[in-house]
Colleague: 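Have a look at this one.
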Number of protein chains: 2
Amino acid sequence: MKLSTRGRYGVKAMFDLALNFSGEPVSLKSIAERQGLSEAYLEQLMAGLRKAGLVKSVRGAQGGYMLSTSPDKITVGEIIRSLEGSMAPVDCVIENEETDCEKAEYCVTRLVWERIRDSINQVVDSITLQDMIDDYKRLHQRKAEKEG
Amino acid sequence: MKLSTRGRYGVKAMFDLALNFSGEPVSLKSIAERQGLSEAYLEQLMAGLRKAGLVKSVRGAQGGYMLSTSPDKITVGEIIRSLEGSMAPVDCVIENEETDCEKAEYCVTRLVWERIRDSINQVVDSITLQDMIDDYKRLHQRKAEKEG
DNA sequence: TTAAAACCAAGTAAATTACTCGGTTTTATT
DNA sequence: AATAAAACCGAGTAATTTACTTGGTTTTAA
C-alpha cells in the first residue's frame, strides 16, 4: 500500500507551484532544484498533470508551469489520482469500472476494499493545496518562534 | 496504492478460517480449494499470520490452522499489517519508526501522508472478521430472497 | 540568433511480486 | 510399525513494475 514516487513527487511539485502561484510560470528546473527531484522525471509527471488539467504550461524561454486554478480548488486527491490512477486498494473496486469477477455481487472482501477506498478518497479529496500552504505557514511560524 | 496478493489472500484465508471457526483445525488444502488460491503460496502467508499470533497451527495428519481467538477479536488491520507491513503510504511515516529525513519536522507533505495513513488504519482496524461474517450472512440472505 | 524552456518517445537497470520446488518434520490413523 | 496427511522451511525464478535516463524536437523571449 505504498504511494509510488509519481504521487509523492507530484504532490511536492504541485505544492511548490502553489507556493509560487503568481501568474508567472515556474520552470521545471527551479522546481526540481527546490524540491530535490530529477528534472527529466518531473517532466513526465507534469505531462500527466497537464493532461488532467491541473496545470498549464508556457513554452519557450522564460516559460514553465503554473496551476490552472487557485490552490484552494485543487485537491491532493486529484493530483495523486491523475498520476497513479485510482486509490482503490484492489482492482475489482476501481470507481466506474466493471469487474470481471462474477462473484463480485456477493463478495464480502469486496466490501472491505470499498470501505478502504472510500476512506482514502475522503481524506485526499478533503485536502487542498491551500490547506497545505496554511499548514506550511503555521509550521514555519512555530519554527521561527522556537528558534527565537 | 494497491494491496499486494499477500494482503488480499490473507484476508480471504482468515475470513475462511472465521467461517469455519469451531475448534477443529482447517487444512490449507481445503482453504486453498474453497478460496481458489495456491496452497504453496498460502503456506507462506500462514507463516506470517502465525508469527503475528493471529492463527494457531496443528501439525501432522488431520492438522491445519485455526484462528488464535474469536473472530470478533481479530481485525482486518492486524491481518494486512502482519502480511504487508505498515499501511503508511510513504516510508517516512511508518508508525514507531524514525525517519532519516532531517526536514521531517517541518515537512508539509508529511502531514498529508500521516492523515492518509491514519484514515486507512482507522477503517481497517474497525473491521473485525465477525463483521465480515455478519456481512456475509446478510448478503446471502438477500441473495436467497432474491432467488426465491 | 541564441538559449532557455517545454514536449516527446523509447530504452533500461534494479527492485518487487507472485509465485514454485524440493525437501523435512510431525502426528493421527490403520 | 507403516502410511499418509499435513505443517514447516529455504531457496529459486519468471514476469512485472518502478524510477528513472537519453536523445532528441519544437517553441519563444531576449
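Quick note on labels: first sequence line is chain A, next is B, and so on, each numbered from 1. The shown structure was predicted, so the numbers you read here are calculated from the model rather than taken from an experiment.
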Colleague: Are A:Tyr136 and A:Val76 linked, directly or through intermediate hydrophobic residues, by side-chain heavy-atom contacts shorter than 4.5 Å (ILVMFWY only)?
Modeller: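 A:Val76 clusters together with A:Tyr136.
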Colleague: Nearest whole angstrom, please: distance from the P of C:dC19 to the CG of B:Leu42.
Modeller: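 It is 10 Å, rounded to the nearest whole Å.
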Colleague: Nearest-Å distance, CD (B:Glu43) to C1' (D:dA6)?
Modeller: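 Going from CD in B:Glu43 over to C1' in D:dA6 covers 9 Å.
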Colleague: Rounded to the nearest angstrom, tell me the gap between atom CD in B:Gln62 and atom P in C:dT30.
Modeller: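 Spelled out: CD on B:Gln62 to P on C:dT30 is 9 Å.
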Colleague: Let's go through A:Glu84 and A:Ser4 carefully: what are the C-alpha distance in whole Å and the side-chain angles of both, what is the deciding distance for side chain to side chain donor-acceptor pair (under 3.5 Å) to 0.1 Å, and is it a yes or a no?
Modeller: CA-CA 8 Å; A:Glu84 306 220 353; A:Ser4 76; 2.8 Å; yes
Colleague: Any N or O donor-acceptor pair linking the side chain of A:Arg59 to the base of D:dT26 at under 3.5 Å?
Modeller: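 Checked by distance alone, the answer is yes.
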Colleague: Grab the CD-P distance between A:Glu39 and D:dT22 for me, whole Å please.
Modeller: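 After rounding, the gap between these two atoms is 13 Å.
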Colleague: More 5' along DNA chain D: A:Ala61 or B:Leu28, using each one's nearest nucleotide?
Modeller: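 Result: B:Leu28.
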Colleague: Between B:Glu95 and B:Arg81, does at least one N-O distance fall below 4.0 Å, as a salt bridge requires?
Modeller: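 Salt bridge between B:Glu95 and B:Arg81, a charged N being under 4.0 Å from a carboxylate O: no.
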Colleague: Evaluate A:Gln122 against A:Asp118 for side chain to side chain donor-acceptor pair (under 3.5 Å), listing each step before the verdict.
Modeller: CA-CA 6 Å; A:Gln122 207 166 7; A:Asp118 292 345; over 6 Å; no
Colleague: If you check every side-chain atom of B:Ala40, which of C:dT20, D:dA7, D:dA30 has the closest atom?
Modeller: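 Nearest to the side chain of B:Ala40 among the choices is C:dT20.
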Colleague: Expressed in angstrom and rounded to an integer, what is the separation of A:Arg6 atom CZ from D:dT18 atom C1'?
Modeller: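 That distance rounds to 10 Å.
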Colleague: Taking the side chain of B:Tyr41 as its heavy atoms from C-beta onward, which of C:dA5, C:dT20, C:dC7 lies nearest to it?
Modeller: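 Minimum distance to the B:Tyr41 side chain belongs to C:dT20.
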Colleague: Given D:dC8, is OP1 or OP2 found less than 4.0 Å from the side-chain N or O atoms of B:Arg50?
Modeller: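 Answer is yes, contact under 4.0 Å.
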Colleague: Ignoring backbone atoms, establish whether B:Ser27 has a side-chain N or O less than 4.0 Å from OP1 or OP2 of D:dA7.
Modeller: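 Result: no.
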Colleague: Could you pick out which residue, A:Gly63 or A:Ala47, lies toward the 5' side of DNA chain C when each is mapped onto its nearest nucleotide?
Modeller: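 Of the two residues, A:Gly63 wins.
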Colleague: Reckon B:Tyr65 has a side-chain N or O less than 4.0 Å from the OP1 or OP2 of D:dC8?
Modeller: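 For D:dC8, OP1/OP2 do have a side-chain N/O of B:Tyr65 under 4.0 Å.
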Colleague: Quick one: A:Lys2 NZ to C:dA15 P, roughly how many Å, whole number?
Modeller: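 Computing the A:Lys2:NZ to C:dA15:P distance gives 18 Å.
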Colleague: So which of A:Val55, A:Leu83, A:Leu54 actually passes side-chain contact (heavy atoms from CB on, under 4.5 Å) with A:Met46?
Modeller: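 For A:Met46, the side-chain contact (heavy atoms from CB on, under 4.5 Å) check succeeds only for A:Val55.
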Colleague: Does B:Ser4 put a side-chain nitrogen or oxygen below 4.0 Å from OP1 or OP2 of C:dT16?
Modeller: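 The answer is no; no side-chain N or O of B:Ser4 sits under 4.0 Å from OP1 or OP2.
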Colleague: Can you check the B:Glu24 CD to D:dA7 P distance for me, whole Å?
Modeller: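 About 14 Å, once rounded to whole Å.
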Colleague: Do any side-chain nitrogens or oxygens of A:Thr5 fall under 4.0 Å of OP1 or OP2 in D:dT18?
Modeller: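 For D:dT18, OP1/OP2 do not have a side-chain N/O of A:Thr5 under 4.0 Å.
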Colleague: Within the modelled atom types, does a donor on one side and an acceptor on the other bring the side chain of B:Gln44 and the base of D:dC9 under 3.5 Å apart?
Modeller: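 Side chain to base: no pair below 3.5 Å.
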Colleague: Rounded to whole angstrom units, what separation is found between the CE atom of B:Met1 and the C1' atom of D:dT18?
Modeller: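 Going from CE in B:Met1 over to C1' in D:dT18 covers 16 Å.
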Colleague: Hey, is the side chain of A:Ser38 poking within less than 4.0 Å of OP1 or OP2 on D:dA19, counting only N and O atoms?
Modeller: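 It does not, given that no N or O in the side chain of A:Ser38 lies less than 4.0 Å from OP1 or OP2 of D:dA19.
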